[in-house]
Amino acid sequence: MNKHQTDNANASAFPVDTIRAMFPALQRAGDFIFMDNAAGAQIPQSVLDAVTNHLVSHNVQRGGRYGRSVTVDQSVADARTSVALLINAYSPAEICFGMNATSFIRLVSLGIGQMLAKDMDGGRDEIIITDMDHDANIATWLALEPVGAKFKWWRMREDGNLHVDDLRPLVSERTRLVACTVTAHSIGSIVDVASVAEIAHAAGAEVFLDCVHYGPHGLIDVQAWDCDYLVCSGYKNFSPHMGFLWGRFETLKRLPTFREDFIPDEPPYKVEAGTFIYENVSGMDAAVQYLELIGRNLAPSNNRSRRENIVAGMGAIRDYELLLAREMLAVLKGCGATIYGVADEARINERVPTFCFNIDRLSPQRIVEEMAEMQIGIRDGHMYAPRLMKRLNLSMDSGAIRASLVHYNTVEEVHKFGEALRAIIARLS
């Protein structure tokens, strides 16, 4: 068999029915199809149990000497260990918990802004941003203009992706930071972030990665990517609403942050201002264990480490999602859709199964409303990416349609989506 056939065979063996049985929302949904997963994924029962256990058994403040409080301290420590394994951090102390990715991007930008204002970086005042990112990873950096930051734009090519050859001439001895996504939340394109880091570091610059959308789709490896900062959102990764920031320990230690006087001036504590949602952090811990379970069940072994099980689980998820992506690409092309981003099946490895598209002159809002009537949840609008909308010649008012799949979706659901879309097109045309 060739590689394409091998990948399809591996994906066909993916235990999607067993996995779907682990998600209460899927079991209760009846005929409803979840295809708005880029806005937030469902959670497995084990995650729900972890949240409930926290709220029932030790819903108290950490830092006390009594048993329930000590348990909270331990549960947070356990979650740091699990998330560190998920992303291959150098140390659990590099994992910082909080409300969401956006607030962490702003926290880092404020710290870097202070360093720019005091010229602590030796005249490095340029920040490189992209026109493919979520606005959270653009506007937060542009807000540093009053303190002297200057900006260069790394622009997406017409083929729907960022190319590192276009980044090289933008980087110089004045570059402070390159901020980019790992995977576009809107169009699903995957960026070669390891090459981004190689180029940036050669010039003495740092790399900030928005990994929110890539998280549920593929293996995160901050060591292999050689980045300096990374943010993720738990609620895209099968946990409740929360976010986390990773940074190299010494980088976080150097970063100016707000902290109260009684907070230690070192990571992760100096980054975690105030009380975060402990029960949701417990949920994130359970979500990592869920991904481990997938890897452990696919190829049982007593000798594999937790990280190795995560690698196996995310590898299986990636293979299966490539099958879903191929199916969705074929369905959309069969419906005559204009697909934004990577639309060539030969380049399917450059994307995740998140598809942004339009149908001729039909209203995206109307199509999404019709889909909702047919029990399929998708999304329309600007996808929080005004610069990308402008680049695609789409108005902010109407934008595009997005259908986003994860590993609990099925090929059958993709085909039902196609049947519904064809019926809507026939009715509205």
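Reckoned from all heavy atoms, side chains included, excluding hydrogens, waters and symmetry mates.
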What heavy-atom pair brings [X] and [Y] nearest, and what distance separates the two atoms?
X: H407; Y: E321; value: N-OE2, 3.1 Å
X: H54; Y: Y278; value: CE1-CB, 3.4 Å
X: P216; Y: M314; value: O-CE, 3.8 Å
X: Y90; Y: E94; value: N-OE1, 3.0 Å
X: G160; Y: S189; value: O-OG, 2.5 Å
X: T354; Y: S186; value: CG2-O, 3.8 Å

Contact check, side chains of [X] and [Y], non-hydrogen atoms, under 4.5 Å:
X: F276; Y: V76; answer: yes
X: I187; Y: M132; answer: yes
X: D380; Y: I367; answer: no
X: M156; Y: D166; answer: no
X: F97; Y: R80; answer: yes
X: V411; Y: H415; answer: yes
X: V191; Y: Y214; answer: no
X: W141; Y: I128; answer: no

Measuring from [X]:[atom1] to [Y]:[atom2], what's the distance to the nearest 0.5 Å?
X: L85; Y: I220; atom1: CG; atom2: CD1; answer: 12.5 Å
X: H58; Y: D73; atom1: NE2; atom2: CG; answer: 10.5 Å
X: L332; Y: I339; atom1: CG; atom2: CD1; answer: 5.0 Å
X: Q114; Y: S109; atom1: CD; atom2: OG; answer: 10.5 Å
X: N88; Y: D221; atom1: CG; atom2: CG; answer: 4.0 Å
X: M284; Y: F244; atom1: CE; atom2: CZ; answer: 5.0 Å

request  = Before giving the answer on side-chain contact (heavy atoms from CB on, under 4.5 Å), spell out for V196 and L162 the whole-Å C-alpha distance, their side-chain angles and the decisive distance to 0.1 Å.
outcome  = CA-CA 10 Å; V196 172; L162 297 167; over 6 Å; no
V352 and I190: CA distance, side-chain angles, deciding distance, side-chain contact (heavy atoms from CB on, under 4.5 Å) verdict = CA-CA 7 Å; V352 299; I190 300 174; 3.9 Å; yes
Could you tell me whether [X] atom [atom1] has more than 12 heavy atoms of other residues or ligands within 6.0 Å of it?
X: K390; atom1: NZ; value: no
X: F151; atom1: CZ; value: yes
X: M99; atom1: CE; value: no
X: E266; atom1: CD; value: yes

Any side-chain to backbone donor/acceptor pair from [X] onto [Y]? Under 3.5 Å, distance only.
X: R402; Y: F357; answer: no
X: S363; Y: Q365; answer: yes
X: R248; Y: D226; answer: yes
X: D125; Y: R176; answer: no
X: N37; Y: A41; answer: no
X: D133; Y: T181; answer: yes
X: R124; Y: T175; answer: yes
X: N237; Y: S239; answer: no
X: S75; Y: S282; answer: no
X: R318; Y: H217; answer: no

task = Before giving the answer on side-chain contact (heavy atoms from CB on, under 4.5 Å), spell out for I43 and V51 the whole-Å C-alpha distance, their side-chain angles and the decisive distance to 0.1 Å.
result = CA-CA 11 Å; I43 66 171; V51 173; 5.8 Å; no
query = salt bridge (Lys or Arg N to Asp or Glu O under 4.0 Å) between E158 and R391: does it pass, once the steps are laid out?
reply = CA-CA 9 Å; E158 294 302 318; R391 177 64 189 277; 3.1 Å; yes
note = Of Y229, F104, W225, the one forming a ring pair (Phe, Tyr, Trp, His ring centres under 6.0 Å) with F208 is Y229
request  = Could you go through the side chain to side chain donor-acceptor pair (under 3.5 Å) check for Q289 and S82 one step at a time?
outcome  = CA-CA 8 Å; Q289 294 179 52; S82 290; 4.7 Å; no
ask   = Without hydrogens or angle criteria, can the side chains of S404 and R379 be said to hold a donor-acceptor pair below 3.5 Å?
value = no
inquiry  = Could you work out, with salt bridge (Lys or Arg N to Asp or Glu O under 4.0 Å) as the rule, every residue matching E260, not counting sequence neighbours?
reply    = none
query = Can you name the residues that form a side-chain contact (heavy atoms from CB on, under 4.5 Å) with A312, not counting sequence neighbours?
reply = R304
message = With side-chain contact (heavy atoms from CB on, under 4.5 Å) as the criterion, how do E145 and L142 come out once you've worked through the C-alpha distance, each side chain's angles and the decisive distance to 0.1 Å?
response = CA-CA 6 Å; E145 188 173 14; L142 292 175; over 6 Å; no
inquiry  = Run the ring-ring contact (aromatic ring centres under 6.0 Å, His included) test against H134 and tell me which residues pass, sequence neighbours left out.
reply    = H185, Y384
